[in-house]
Amino acid sequence: MKTVYACFCTDVIHDGHLNIINHAKKYGKVIVGVLSDRAMIRYNKFPTITFEERIKLVQNLEDVDEVVVQNNIMYDEVFQNIKPDYIIHGDNWKTGAEQAIRNNVIGLLKQFGGELIEVPYTYSEKTKLIDNKIREKRAMPEYRRKALRQLLKIRGLVKAIEVHSGLTGLIAEKTVIENNGEFDQFDAMWISSLCDSTAKGKPDIELVDLTSRINTISEVMEVTTKPIIFDCDTGGLVEHFVYTVRTLERIGVSAVIIEDKVGLKKNSLFGTDVEQTQDTIEHFCEKIKGGKKVQLSDDFMIIARIESLILEQGMEDALKRAHAFVKAGADGIMIHSRKKDPSEILNFCDLFRKDNKKTPIVVVPTSFNTITEKELHEHGVNIVIYANQLTRAAFPAMESVAKDILKYHRAKEVDNRLMPIKDIITLIDKI
């Protein structure tokens, strides 16, 4: 009997999947691959049920003869292990990033033999409703909040990019690329104090109050599903920070990062060029303990940001603080530097990892931007945050366009620098 292979990456079975199976059974033995959690995440689909539950969903389908695990988005392993006579898939993969998967399958069919069957994609109000429900489920606080810990467990290295509005949130949510047979995307979103303030035309001195910043979070959450890491500057008074923790946890934020400084906040990249005061270890530990005491779930993370290298207090002070903050309950350590050479960051990571193998390390490679994520991960880094690149890209582009419109008294000269409105609005989901 000939074999027909299909791959599913879904939390629910709907008419579209059943249509694929009904077509497949006409050609022979039906084998369905269930995409692993790790592969699903790379494919821009965060699972809301366990892998075992997803396996059972497919096993319960009457016309499925065998269920296997597909560990990669591309089909190379499938052809090596199963050698299917037919690959069946919806025709919706002819455009967009998924086209790379289709090309991979076509190439493998030429090499190993076999035939591609493409079934018209099932468009209906019922399937659209189901897809929307899955997306909304991912956006719910109880699912979004725990996603960062899940990502750290599944992937080991998480990369986040700064967002400061619903539109930038959509860019972080929907930007997926294929590169050398691998899909890639941002795993999480960083709501930066600097960029949130800048978007509002305010200085980065903790001037924008928490209510306004929560509004930014809400705008982002309304149109996205990915986990959020919140930049809380110093966290303020201990008595205030505990309320911030409860608020962020309740609305579904995954983590808050607070820095060990006191007084008027100044951007860290100024270093010792401006007056900045580092908090005492004892007082900052009390802030961490206060936050951990009031949180209600194990999902939420409080990450301690250490400013010792920024303020030239030395490696010994940075390590002393890191171990003290972890002992106080910090779920992660962020180490920062304004040097272009990443060596002191790597040195910190290596020394910290000698005594602590598990606590996540967070870095923000703004100044030391020549180092790759892979190199950072090799030294024990778990979260890489691109903290301000979208804001920095947008400002010069907008300023340049504004100047040229003034110069030429029309918009024709800037048109080739503008994305068509119809392309922008395709980012926005319709209900």
Student check: side-chain heavy atoms of Leu376 and Val363 closer than 4.5 Å = yes

message = Salt bridge check, Arg138 against Glu136: does any charged N sit closer than 4.0 Å to a carboxylate O?
response = no

request  = Applying salt bridge (Lys or Arg N to Asp or Glu O under 4.0 Å), run through Asp404 and Arg417 and close with a yes or a no.
outcome  = CA-CA 11 Å; Asp404 278 356; Arg417 283 177 268 163; 2.4 Å; yes

query = Do Phe241 and Tyr243 have ring centres separated by under 6.0 Å?
reply = no

ask   = Is His23 reaching over with its side chain to a backbone N or O of Ile20, donor-acceptor style, under 3.5 angstrom?
value = no

inquiry  = Keeping Ser218 on the side-chain end and Ile214 on the backbone end, is there a donor-acceptor pair under 3.5 Å?
reply    = yes

note = What one should report as the nearest heavy-atom pair of Val253 and Met221 is N-CE, 3.7 Å

query = If you measure from the Lys or Arg side-chain nitrogens to the Asp or Glu carboxylate oxygens, is any gap between Lys287 and Asp260 under 4.0 Å?
reply = no

query = OG of Ser197 to CG of Asp204: how many Å apart, nearest 0.5 Å?
reply = 5.0 Å

ask   = Does any non-hydrogen side-chain atom of Ile13 lie less than 4.5 Å from one of Leu18?
value = yes

ask   = Going by atom types only, do Thr234 and Glu259 share a side-chain donor-acceptor pair under 3.5 Å?
value = no

Ring-ring centroid check Tyr5 Tyr86, cutoff 6.0 Å = no

note = Smallest heavy-atom separation, Val294 atom then Arg246 atom, equals O-CD, 2.9 Å

ask   = Are any of the side-chain heavy atoms of Gln295 and Ile302 separated by less than 4.5 Å?
value = yes

task = Work out which heavy atom in Ala160 is nearest to a heavy atom in Phe186; give both atom names and the distance.
result = C-CD2, 4.3 Å

Salt bridge (Lys or Arg N to Asp or Glu O under 4.0 Å) assessment of Lys200 paired with Asp196 = CA-CA 7 Å; Lys200 294 173 172 60; Asp196 201 4; 2.5 Å; yes

ask   = When rounded to the nearest 0.5 angstrom, what distance separates SG in Cys232 from CG in Leu248?
value = 6.5 Å

query = Cut-off 3.5 Å, side chains only: do His379 and Asp350 have a donor facing an acceptor?
reply = yes

inquiry  = Side chains of Asp15 and Thr122 only: does a donor on one sit below 3.5 Å from an acceptor on the other?
reply    = no

message = So, taking the atom named CZ in Arg321 and the one named CD1 in Ile281, what distance separates them when rounded to the nearest 0.5 Å?
response = 5.0 Å

key: Side-chain donor or acceptor of Asn179 paired with backbone N/O of Glu182 under 3.5 Å   = no

Intermediate values then yes/no, side chain to side chain contact (heavy atoms under 4.5 Å, CB included), Asp233 and Asp231 = CA-CA 6 Å; Asp233 292 320; Asp231 175 10; 3.8 Å; yes

inquiry  = Quiz question: by atom type and distance under 3.5 Å, do the side chains of Thr359 and Asn356 form a donor-acceptor pair?
reply    = yes

task = List the steps, then state whether side-chain hydrogen bond (donor to acceptor under 3.5 Å, both in side chains) holds for Glu162 with Thr168.
result = CA-CA 8 Å; Glu162 164 261 319; Thr168 52; 5.3 Å; no

task = Please answer whether the main-chain N or O of Arg144 pairs with a side-chain N or O of Ser254 as donor and acceptor at a distance below 3.5 Å.
result = yes

task = Consider only side-chain N and O atoms of Asn104 and Asp76, and report whether a donor and an acceptor are under 3.5 Å apart.
result = yes

message = I'd like to know if the side chain of Arg250 reaches the main chain of Pro141, judged simply by a donor and an acceptor atom lying under 3.5 Å from each other, with no hydrogens or angles considered.
response = no

ask   = Distance from Asn382 atom CG to Leu151 atom CG, nearest 0.5 Å?
value = 12.0 Å

key: Between Glu219 and Thr216: side-chain donor-acceptor atoms closer than 3.5 Å   = no

message = Donor-acceptor pair, distance only, cut-off 3.5 Å: does the side chain of Asn72 make one with the backbone of Met74?
response = no

message = Check Glu142 with Arg145, please: is the shortest side-chain N to carboxylate O separation under 4.0 Å?
response = no

message = Between Lys261 and Gln276, do the side chains contain a donor N or O and an acceptor N or O under 3.5 Å apart?
response = yes

Full working for side-chain hydrogen bond (donor to acceptor under 3.5 Å, both in side chains) between Thr372 and Glu375 = CA-CA 5 Å; Thr372 66; Glu375 290 170 321; 3.2 Å; yes

ask   = Between the side chains of Thr127 and Ser124, is a donor N or O closer than 3.5 angstrom to an acceptor N or O?
value = yes

inquiry  = Could you check whether Gln185 and Thr175, counting side-chain N and O atoms only, form a donor-acceptor pair closer than 3.5 Å?
reply    = no

query = How many angstroms lie between atom CG of Leu35 and atom CG of Asn71, to the nearest 0.5 angstrom?
reply = 8.5 Å

key: Side chain to side chain, Phe368 and Arg338, heavy atoms closer than 4.5 Å   = no

task = Ignoring hydrogens and angles, tell me if any N or O in the side chain of Gln278 forms a donor-acceptor pair with the backbone of Leu311 under 3.5 Å.
result = no

Main-chain N/O of Ile87 paired with Glu115 side-chain donor or acceptor, under 3.5 Å = no

query = What heavy-atom pair brings Ala147 and Phe46 nearest, and what distance separates the two atoms?
reply = O-CZ, 3.8 Å

Straight-line distance of Arg102 CZ to Thr95 OG1, nearest 0.5 Å = 10.0 Å

key: Whether Tyr121 and Tyr123 hold their rings parallel, tilted or perpendicular, with breakpoints at 30° and 60°   = perpendicular

query = Distance-only, no hydrogens or angles: does the Lys357 side chain make a donor-acceptor pair with backbone N or O of Arg353 under 3.5 Å?
reply = yes

inquiry  = Is it the case that the side chains of Tyr386 and Glu373 hold a donor-acceptor pair, with the cut-off being a distance below 3.5 Å and no angle test?
reply    = yes

request  = Step by step, work out the side-chain hydrogen bond (donor to acceptor under 3.5 Å, both in side chains) result for Gln150 and Tyr143.
outcome  = CA-CA 10 Å; Gln150 290 175 316; Tyr143 287 97; over 6 Å; no

query = Are a donor atom and an acceptor atom from the side chains of Thr225 and Lys137 found within less than 3.5 Å of each other?
reply = no

query = Does Asn388 use its side chain to pair, donor to acceptor, with the backbone of Thr391 at less than 3.5 Å?
reply = no

